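In what follows, a single structure is set out as structure tokens and then discussed.
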Amino acid sequence: MRNWMAALAAGLMVATPVAAQPVGVPVSTKAGKPYRFKHSGITVPAELDGMRRVDVRQLGNDELDVFAVYQNGPDAITVYVYRALAGSVPVWFDRARASVEQRREMFGSVAPAVPAAFTPPGQSSASGLMAGWTLKKAPYRGTALAILPVGDWLVKVRYSSSKLDGAAVAARVPAVLGALEWPKAIPSAAAAAPVTDCAAPLAFSPAAAPVTDAKILQSAALTGGLVAAAEGEKKAASTAPAPTWCRDPAPAQMGAAYRRDGATDGYLLAISDSGRGFAVEPDVIARELGEAEGRKVQQWSVALYEPGSIAIYAPMTALPAPDTLIAALNRPILARTTTWGKKRNVTINPDVFK
């Protein structure tokens, strides 16, 4: 399975009702005892709001994307903790919101909810977003979700009830969050606000296509992998002001395009609410290398952000529409850089140099 398809599948599967989630790999835990998420310092109890913890699973490796499942009959709570170095709470909440409001085959006709910002436990700003929905398709009557940041980690709580409507379920979420054990020191986070539509749509090029020149692909593999390593370090240690994201109206067969501070030359294609997405932006390194050689180079880099790595794809000749980008992702990955652990390993696809 292609890497981007695996990332999409993982994100979509964890968006479904908890009772239907045989996904991921089991994580070893002790029944009846609290479970501490390995890296984030967050601990969940053996019971939450009268529901027993029945499972803990991870998607991928190194416990960078883990979720704990609680159930009582059809009623369920899931606590997700995953690492996200792209986007922000508003972006990933917007994707989670879409997984409820746009999936009629699963939830029926759902009235859009207005998300509310809230101050998470142990924090001083309203850095989290929360909403509840009343459902019209069995077995659930209501569902609610909340997303909040804890440093490089995002915490998502999903609560689904067969008896309570959306407002009543949402009212239970603060108590659920209050029952979790949080790290003693939580980095400060910017206040969150729901994503809105961008003021003007992006201008995509109908001629956008993957670069096929062998030398350019080799250069993109080498420089892209090194830039990704530096980017991972920079994002992890960044103290820059939090960006504002807007949603571009461009249609996308999966996910949606989000623009950082209203950018007009790039976007993040968030493919699910799991922190995974494709960043498309002008390839500054290629342009500078071209200028040094007396050539004019204009292309757009494509990178897939996942919890523990950044994958570099063939650059595009112009700014692609989301569906054009997705169609171009059949090509092999050029390089992959780890962003987790003490070392940043850059792996170049050897086929690029054949």
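All values reported here derive from a predicted model rather than from experimental measurement.
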Closest non-hydrogen atom pair, M130 against A170: SD-O, 3.7 Å

Tell me, which pairs form a disulfide (SG to SG under 2.5 Å) where one or both residues lie in residues 136-208, sequence neighbours left out? C198-C246

Please list, chain by chain and in numerical order, all residues satisfying salt bridge (Lys or Arg N to Asp or Glu O under 4.0 Å) with D351, sequence neighbours excluded. K354

Tell me which one of Y82, W92, Y80, W340 satisfies ring-ring contact (aromatic ring centres under 6.0 Å, His included) with W153. W340

Quick one: are L325 and Y313 in side-chain contact, heavy atoms under 4.5 Å? no

State, yes or no, whether a side-chain contact exists between Y267 and P320 at a heavy-atom distance under 4.5 Å. yes

Taking atom CD1 of I333 and atom CD1 of I310, what is their separation to the nearest 0.5 Å? 12.0 Å

d(S301 OG, Q299 CD) to nearest 0.5 Å is 8.5 Å

Test D152 against L85 for side chain to side chain contact (heavy atoms under 4.5 Å, CB included), laying out the working first. CA-CA 7 Å; D152 286 342; L85 295 182; 3.8 Å; yes

Please determine which of R276, R83, Q58 meets the side-chain hydrogen bond (donor to acceptor under 3.5 Å, both in side chains) test together with D65. R276

Quick one: are D197 and P249 in side-chain contact, heavy atoms under 4.5 Å? no

Side chains of W300 and E281: any donor to acceptor distance under 3.5 Å? no

Please answer whether the main-chain N or O of G166 pairs with a side-chain N or O of T134 as donor and acceptor at a distance below 3.5 Å. yes

Should D75 and Y140 be marked as a side-chain hydrogen bond (donor to acceptor under 3.5 Å, both in side chains) after you check the CA-CA gap, both sets of side-chain angles, and the distance that decides it? CA-CA 8 Å; D75 294 357; Y140 299 111; over 6 Å; no

At what distance, to the nearest 0.5 angstrom, does CE of M254 lie from CG of L269? 8.0 Å

Would L59 and V54 show up in the same hydrophobic cluster when neighbours are defined by side-chain heavy atoms closer than 4.5 Å? yes

Can you tell me how far the CG atom of L129 sits from the CG atom of L145, to the nearest 0.5 Å? 9.5 Å

Check T143, T78, D273 against R158 for a side-chain hydrogen bond (donor to acceptor under 3.5 Å, both in side chains) and give me the one that passes. T143

So, do P90 and W245 sit near enough that their side-chain heavy atoms are less than 4.5 Å apart? no

Residue pairs passing the disulfide (SG to SG under 2.5 Å) test with at least one member in residues 114-159, sequence neighbours excluded, are none

Heavy-atom distance under 4.5 Å between the side chains of T324 and M316, does that happen here? yes

If every non-hydrogen atom of V352 is compared with every non-hydrogen atom of A221, which pair is closest and at what distance? CG1-CB, 4.3 Å

Closest non-hydrogen atoms of V27 and R57, given as atom of the first, atom of the second and distance, are CG2-C, 3.9 Å

R259 meets the salt bridge (Lys or Arg N to Asp or Glu O under 4.0 Å) criterion, sequence neighbours left out, with D248

Treating R97 as the side-chain partner and A113 as the backbone partner, does any N or O pair qualify as donor plus acceptor under 3.5 Å? yes

Could you check whether S127 and Q123, counting side-chain N and O atoms only, form a donor-acceptor pair closer than 3.5 Å? yes

Among side-chain atoms of R95 and S274, is any donor-acceptor pair under 3.5 angstrom? no

Could you give me the CA-CA distance, side-chain angles and deciding distance for F278 and L329, then say whether side chain to side chain contact (heavy atoms under 4.5 Å, CB included) is met? CA-CA 10 Å; F278 292 92; L329 295 175; 3.5 Å; yes

Could you pull out every donor-acceptor pair under 3.5 Å between side chains of residues 37-46 and any protein atom, sequence neighbours left out?
residue	atom	partner	partner atom	Å
H39	NE2	D62	O	2.7
S40	OG	I42	N	3.4

Mark yes or no for whether D323, through its side chain, and Q253, through its backbone, hold a donor-acceptor pair below 3.5 Å. yes

A146 and V173 have their tightest heavy-atom pair at CB-CG1, 3.8 Å

Can you check side chain to side chain contact (heavy atoms under 4.5 Å, CB included) on L319 and D265, steps first, answer last? CA-CA 7 Å; L319 180 64; D265 55 2; 5.5 Å; no

Looking at side-chain heavy atoms only, is the closest gap between R260 and L268 below 4.5 Å? no

Just wondering, more than 12 heavy atoms not from K136 lying within 6.0 Å of its NZ? no

Where is the tightest heavy-atom contact between V100 and L135, given as atom of each residue plus distance? CG1-CD2, 4.4 Å

Taking atom CZ as the centre, does R52 end up with more than 12 heavy-atom neighbours from other residues, nucleotides or ligands that are less than 6.0 angstrom away? no

Under 3.5 Å: donor-acceptor pair, side chain of R141, backbone of K163: yes

My understanding is that only one of L48, D49, L177 makes a side-chain contact (heavy atoms from CB on, under 4.5 Å) with R172; could you say which? D49

Output a table of donor-acceptor pairs, distance under 3.5 Å, between side-chain atoms of residues 202-215 and any protein atom two or more places apart or on a different chain; print 'none' if there are none.
residue	atom	partner	partner atom	Å
S205	OG	A207	N	3.2
D213	OD1	K215	N	3.0
D213	OD1	I216	N	3.0

Separation between CG (D55) and OG1 (T29), nearest 0.5 Å, reads 7.5 Å

Of L148, V79, I147, which is the lone residue that meets side-chain contact (heavy atoms from CB on, under 4.5 Å) with V157? V79

Side chain proximity check, S124 to T119, heavy atoms < 4.5 angstrom: no

How many angstroms lie between OG1 in T347 and CG in L334, if you round to the nearest 0.5 Å? 13.0 Å

Quick check: does any side chain N or O of T338 sit under 3.5 Å from a backbone N or O of N345, one acting as donor and the other as acceptor? yes

Taking R336 for its side chain and N349 for its backbone only, find out whether a donor-acceptor pair lies under 3.5 Å. no

Of the non-hydrogen atoms in A250 and P322, which two are nearest, and what is the gap between them? CB-CD, 3.9 Å

Apply the test side chain to side chain contact (heavy atoms under 4.5 Å, CB included) to residues D94 and Y258: give CA-CA distance (whole Å), side-chain angles for both, the deciding distance (0.1 Å), then the verdict. CA-CA 10 Å; D94 198 58; Y258 297 87; 2.6 Å; yes

